[in-house]
Amino acid sequence: MEIYDVIVVGAGPVGLATAIGLRQRGIKNILVLDQTRAFRQVGHTVDLLPNGLKALKCLENKAYEAVKQNGMKFSSPPSTDNQGQKSASNSPEWLYKNLQGETIRSIPLSFDSWFANYGGGRVSIAWYELQTALRKLLPPEQVKANHRCVDVIEQPEIGCVRVDCVCDMGTDENPYAHWQEMTPVENPDTVSSPSASKSFQAKLVVGADGINSTVRRVIYEDTDYAAFSKPEYSGFTAIICRNIDNLPQDLVKQLEKKYIGDGRIVTIVSGAENPRMMLFRRGIGNFGYIIHAALTWESVQDKSGSALIELGLKAIETANFPDLIQQLVRISPSENMQQRPYYIHRASTSNALQLPPTAHVTSNTDKEQIEPAWSHGRIVLVGDAAHGMPPFMAQGTNQGFEDALAIATLITNLQLNDNQAIATAWKKYEHLRRPSMIYMQQATLSPVIHSSQRDLQSYNQRVYGRDFEKVISTLL
Ligand SMILES: Cc1cc2nc3c(=O)[nH]c(=O)nc-3n(C[C@H](O)[C@H](O)[C@H](O)COP(=O)(O)OP(=O)(O)OC[C@H]3O[C@@H](n4cnc5c(N)ncnc54)[C@H](O)[C@@H]3O)c2cc1C
């Protein structure tokens with residue numbers, strides 16, 4: 001059996017970025033395995049922010065350029081001046097408004113505004129487009145679809161890890177998936193045909209298989225950390241209404257006047273920030289929304305569309321959202337309703353992270369104990385497999401790119417036969433990345449939108465303002 005230097009399990013953005021970074025640094029004997037039968041149009045829009053883009057640029061400039069190239073192009077909605085003339089403003093913005101309709105934050109959407117402030121831009125891109133742009137930078141024979149990893153087995157006697165996969169079978173339903181599962185007719189993964197097993201060997205394995213990671217499960221099971229092998233419910237759920245057609249004209253006018261103006265999206269937040277509503281325009285007279293609310297897991301499970309409307313209504317009524325918004329929710333078509341609970345792999349399992357009381361926390365580690373490590377022997381976890389979290393600060397992929405940069409740098413400087421050096425490398429990785437992730441997860445669970453200008457600036461500098469050449473020099 002061929003022995004690869006590195007096998008990456010998972011061809012999501014973080015696994016692919018890691019593989020690209022390794023190749024760029026001369027480690028070319030690699031393989032990326034993904035369970036999907038065929039790479040296909042799935043997933044949501046991902047905002048890449050200065051830290052993620054800077055890390056990607058450091059990993060490989062071509063990857064950064066490809067992502068920039070494939071990002072969405074924003075055009076500014078025309079704004080109306082005092083004379084009622086429409087003119088295009090320079091930088092389109094995402095506004096955050098309070099319940100009274102006053103703007104409390106405006107976030108520029110253009111690449112250039114972010115670049116000017118933090119030396120790194122901002123790109124919005126569909127998950128699938130991001131995956132495709134990165135995948136195209138790797139030789140096709142090094143990225144294999146239709147290989148679902150079912151086990152990883154350490155082989156200390158030969159300094160390797162065996163990765164067992166199954167091929168030619170439908171994927172399991174993934175309750176934690178970041179994307180809407182397709183219907184059996186649309187989804188080639190559900191075609192059942194005889195399955196085959198295949199095994200591969202590598203000196204190192206990078207587990208980049210997302211929040212429902214098999215690699216994570218395998219390295220934690222039968223250890224004291226078995227409870228952390230599955231994601232925990234974060235306490236937050238999104239209640240989504242995909243579309244409301246033909247809203248009454250006067251409701252549209254009021255929504256426009258008070259909240260959304262000519263724009264495509266606005267976030268409406270109550271003082272306590274729980275719940276928040278993202279209101280988006282789907283077309284003329286058509287709107288959709290997402291309510292992010294702290295809800296118990298039981299309250300959202302197996303709920304019909306009308307029950308979700310009731311839940312959403314209750315959440316916004318309790319937070320005193322005005323009648324206008326309540327009317328919008330009340331007339332949502334029940335067939336267009338969805339819910340999406342958000343899960344987390346906590347970067348700190350002690351009290352350092354405050355989750356809402358609605359969270360389902362499996363267990364806390366004793367303060368004296370160390371956190372469940374992001375590695376075991378020759379296996380290391382990156383991206384959502386290590387620290388998946390709700391998307392409120394748009395940082396999952398961005399943080400994952402920071403992991404990819406750290407891991408590609410460390411592996412490049414490793415003697416792959418030296419167990420002690422491997423253990424030290426993984427320690428350095430966690431030493432760098434875990435404190436950042438604890439900070440990021442806390443910011444996600446209690447967002448900084450209402451914080452003072454000073455706190456916000458300090459967050460922005462801490463997250464976006466870093467120089468990644470300097471960051472990785474600390475690893476060497
Ligand atoms: C609604 C929403 C909006 C978001 N918005 C943003 C945003 O604006 N900005 C941002 O930075 N992040 C955002 N995120 C988070 C972001 O999507 C994730 O953090 C990111 O996709 C993680 O990348 P990953 O490569 O670690 O995992 P994933 O993207 O989950 O990829 C994992 C890959 O592994 C494969 N895989 C899984 N299991 C196996 C297996 N057993 N064997 C082989 N392959 C396997 C999967 O098929 C997949 O291709 C958002 C998330 C959600 C839900």
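Counting starts at 1 for both ligands and their atoms, following the listed order. Note that the coordinates shown come from a computational prediction; the quantities given were computed from them, not determined experimentally. Position 1 is the first residue of the sequence, and the numbers go up from there.
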Using a 3.5 Å cut-off on N or O atoms only, is [X] in polar contact with ligand 1?
{"X": "Y342", "result": "no"}
{"X": "D384", "result": "yes"}
{"X": "C149", "result": "yes"}
{"X": "R148", "result": "no"}

Location of contacts on [X] toward ligand 1, heavy atoms closer than 4.0 Å:
{"X": "Q35", "answer": "both"}
{"X": "T397", "answer": "both"}
{"X": "Q399", "answer": "neither"}

Item to check | C58: which of T409, V471, L405 passes side-chain contact (heavy atoms from CB on, under 4.5 Å) | outcome: L405
Next on the checklist: So, applying side-chain contact (heavy atoms from CB on, under 4.5 Å) with V163, which one of L31, V8, V150, V9 is it?
Outcome noted: V9
Checklist entry - Taking the six-membered ring of F200, is NZ or CZ of R162 closer than 6.0 Å to its centre and within 45° of its axis? => result no
Item to check | For K203, side chain to side chain donor-acceptor pair (under 3.5 Å) partners two or more places apart | outcome: N417
Item to check | Distance flag, aromatic centroids of F392 and Y342, threshold under 6.0 Å | outcome: yes
I'd like to know whether ligand 1 has [X] as a neighbour, heavy-atom separation below 4.0 Å.
{"X": "P13", "value": "yes"}
{"X": "T45", "value": "yes"}
{"X": "A208", "value": "yes"}
{"X": "H147", "value": "yes"}

Checklist entry - If you count the atoms of ligand 1 from 1 in the order shown, which ones are under 4.0 Å from a heavy atom of G383? => result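 Counting from 1, the qualifying ligand atoms are 26 (O).
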Next on the checklist: Using a 4.0 Å cutoff against the non-hydrogen atoms of W127, which atoms of ligand 1 qualify?
Outcome noted: 21 (O), 29 (O), 31 (O), 49 (O)
Next on the checklist: For a quick check under 3.5 Å, do D403 and H387 share a side-chain donor-acceptor pair by atom type?
Outcome noted: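 The criterion, which ignores hydrogens and geometry beyond distance, is satisfied for H387 and D403.
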